[in-house]
Amino acid sequence: MGDRVESVRFGHYAVPLAYAVSDAKVATGRQRPLSQIDVLTCEVATRDGLAGLGFSYTTRAGCRAQFAHAEEVGEDLLGQDPSDIGGIYDRLLWAGASVGRSGVATQALAAVDVALWDLKANRAGLPLAKLLGAHRDSVRTYNTSGGYLQAPIEEIKEKSERSLRDGIGGIKIKVGQPDTREDLRRLAAVREHIGDDVPLMVDANQQWDRATALRFGRAVEEFGLVWIEEPLDAYDAEGHAQLAAALDTPIATGEMLSSVPDLVRLIDLRAADYLQPDVPRVGGITPYLKVVALADHAHLQVAPHFVMEIHVHLAAAYPRESWVEHIEWLSPLFDERLELEGGRMRVPDRPGLGLSLAEEAAGWRLGEVEFRASAPATRPRGGGSARSSSESSPGRL
């Protein structure tokens with residue numbers, strides 16, 4: 001009969017940042033500063049004693065909704081062959097089909113999907129990159145966390161220098177302030193400080209209209225940027241395509257899109273030189289692989305967004321070498337750390353993702369629910385399974 005899923009546990013964690021950060025969405029009054037990352041974890045265990053760990057995340061709002069959705073559909077995992085990842089994905093997708101096939105529903109499934117891929121690689125005794133078919137054992141990496149708008153320019157310069165000393169290869173800073181001249185001043189100061197040979201990117205976080213983005217793109221040609229990220233609304237595929245055609249500087253976008261069709265539209269319109277899918281946001285590794293196969297066919301670069309702990313493996317398995325974003329915000333959640341050297345991030349040689357939850361993570365847990373295939377005397381839900389749940393205060397850190 002083969003191995004079967006014996007238990008699945010979901011956790012909701014609020015991981016605090018060392019300090020609050022602000023991008024253009026804060027500068028223009030659309031969002032509040034970011035002070036924590038909410039994470040949905042999924043731990044799957046099988047009858048044969050194998051285990052897999054996956055996670056999704058949200059910023060500012062949404063993780064409680066992900067946790068609730070996972071709690072509703074997670075029991076359907078029990079008794080399934082964990083190697084049948086595609087079939088399980090469809091099963092859980094249809095279990096929650098009435099709320100759609102993108103957004104909260106699929107982002108909750110992302111934690112499950114990542115856990116099953118982790119388990120599959122663990123069964124094979126291979127790092128996930130090797131299971132998928134690696135093209136390299138390290139990937140180029142750039143730092144984002146030191147370049148936010150709340151930081152004065154001298155702080156950004158110091159953090160950029162520190163990142164380069166630590167083995168990170170490129171620097172990205174935030175732009176998109178109401179006064180574009182201030183963006184240009186900060187950008188010029190960073191370029192002068194790090195030198196012309198260091199790869200430099202900017203990220204506007206969707207804050208410009210088409211005319212402003214075009215003017216900015218023409219004004220920064222002299223800086224030799226690797227890319228201009230999210231110059232327009234994430235769903236303005238036509239506008240991004242026009243910019244990509246009009247500017248010498250490459251355009252990067254795609255991180256906010258939460259469905260395969262939305263990302264495929266960017267590919268079809270050639271709206272991004274660097275496509276930036278995000279595994280948790282697009283719904284997991286399974287849909288991510290569909291997107292990047294089409295991106296490779298279209299000869300595009302792929303620079304996945306955030307969650308370097310997952311994306312280091314997927315970038316190593318992509319035929320065209322690109323970049324992985326170094327943001328250390330989730331590092332305290334795990335025992336392991338990624339290695340940096342010579343501008344590159346090394347693919348871990350441990351099986352699966354090579355991650356385990358840190359003991360101190362329990363202090364950030366806001367809720368937990370577990371399903372088991374055993375048959376206790378009390379069965380609050382059907383199917384002969386057990387369900388246990390603990391939920392702490394919904395208050396946020």
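Counting from 1, the numbers follow the sequence of the chain as shown.
- Between Leu132 atom CG and Ile285 atom CD1 the span is 7.0 Å, to the nearest 0.5 Å.
- Between the CG atom of Leu92 and the CH2 atom of Trp94 there is a distance of 13.5 Å, given to the nearest 0.5 Å.
- Here CG of Asp166 is found 9.0 Å from CG of Asn143. Values are rounded to the nearest 0.5 Å.
- Here Arg4 does not pair with Asp48 in a salt bridge; the nearest charged N to carboxylate O distance is not below 4.0 Å.
- Within 6.0 Å of the CG atom in Asp349, the count of heavy atoms belonging to other residues, nucleotides or ligands does not exceed 12.
- Annotation: side chain to side chain donor-acceptor pair (under 3.5 Å) contacts involving residues 259-276, sequence neighbours excluded, comprise Glu229-Gln276, Glu238-Arg265, Ser259-Asp262.
- The distance from atom OH of Tyr142 to atom CD1 of Ile327, rounded to the nearest 0.5 Å, is 7.0 Å.
- Residues Lys174 and Asn205 have side chains that bring a donor and an acceptor to within less than 3.5 angstrom of each other.
- Side chain to side chain, Arg320 and His299 meet the donor-acceptor criterion of an N or O pair below 3.5 Å.
- Residue Leu338 holds its CG atom at 8.5 Å from OG1 of Thr141, rounded to the nearest 0.5 Å.
- Atom CD of Glu339 is surrounded by 12 or fewer heavy atoms from other residues, nucleotides or ligands within 6.0 Å.
- A donor atom on one side chain and an acceptor atom on the other are found under 3.5 Å apart for Glu161 and His193.
- For Asp197, the CG atom sits in a loose shell: 12 or fewer heavy atoms of surrounding residues, nucleotides or ligands are nearer than 6.0 Å.
- The six-membered or imidazole ring of Tyr13 lies away from that of Phe55, with a centre-to-centre distance of 6.0 Å or more.
- Residues Tyr318 and Trp323 place their aromatic rings such that the two centres sit no closer than 6.0 Å.
- Residues Arg123 and Asp3 are paired through a salt bridge, judged by an N-O separation under 4.0 Å between the basic side chain and the carboxylate.
- Between the side chain of Ser22 and the main chain of Val26, no donor-acceptor pair closer than 3.5 Å is present.
- The number of heavy atoms from other shown groups lying within 6.0 Å of CD (Glu341) does not exceed 12.
- Salt bridge annotation for Glu6-Arg372: absent, with no cationic side-chain nitrogen under 4.0 angstrom from a carboxylate oxygen.
- At a cut-off of 3.5 Å, with distance as the only test, a side-chain donor of Glu325 or Thr144 sits close to an acceptor on the other residue.
- A tilted orientation is assigned to the rings of Phe216 and Trp208, their planes being inclined by 30° to 60°.
- Under the 3.5 Å distance criterion, with hydrogens and angles disregarded, no donor-acceptor pair is assigned to the side chains of Gln107 and Ser56.
- Residue Glu360 places its CD atom among more than 12 non-hydrogen atoms of other residues, nucleotides or ligands, all under 6.0 Å distant.
- In terms of the side-chain contact (heavy atoms from CB on, under 4.5 Å) criterion, residue partners of Ala134 (sequence neighbours excluded) are, by chain and number, Ala129, Lys130.
- Counted within 6.0 Å of CD on Glu336, heavy atoms from surrounding residues, nucleotides or ligands total more than 12; the atom is thus considered enclosed.
- In this structure, Ile194 CD1 and Leu200 CG are separated by 4.5 Å, a value rounded to the nearest 0.5 Å.
- Counting side-chain heavy-atom gaps under 4.5 Å among Ile, Leu, Val, Met, Phe, Trp and Tyr, Val104 is found in no cluster with other residues.
- The main-chain N or O of Gly283 is found under 3.5 Å from a side-chain atom of Tyr89 such that the two form a donor-acceptor pair.
- Atom CZ of Arg181 sits in a sparse spot, with 12 or fewer heavy atoms from other residues, nucleotides or ligands closer than 6.0 Å.
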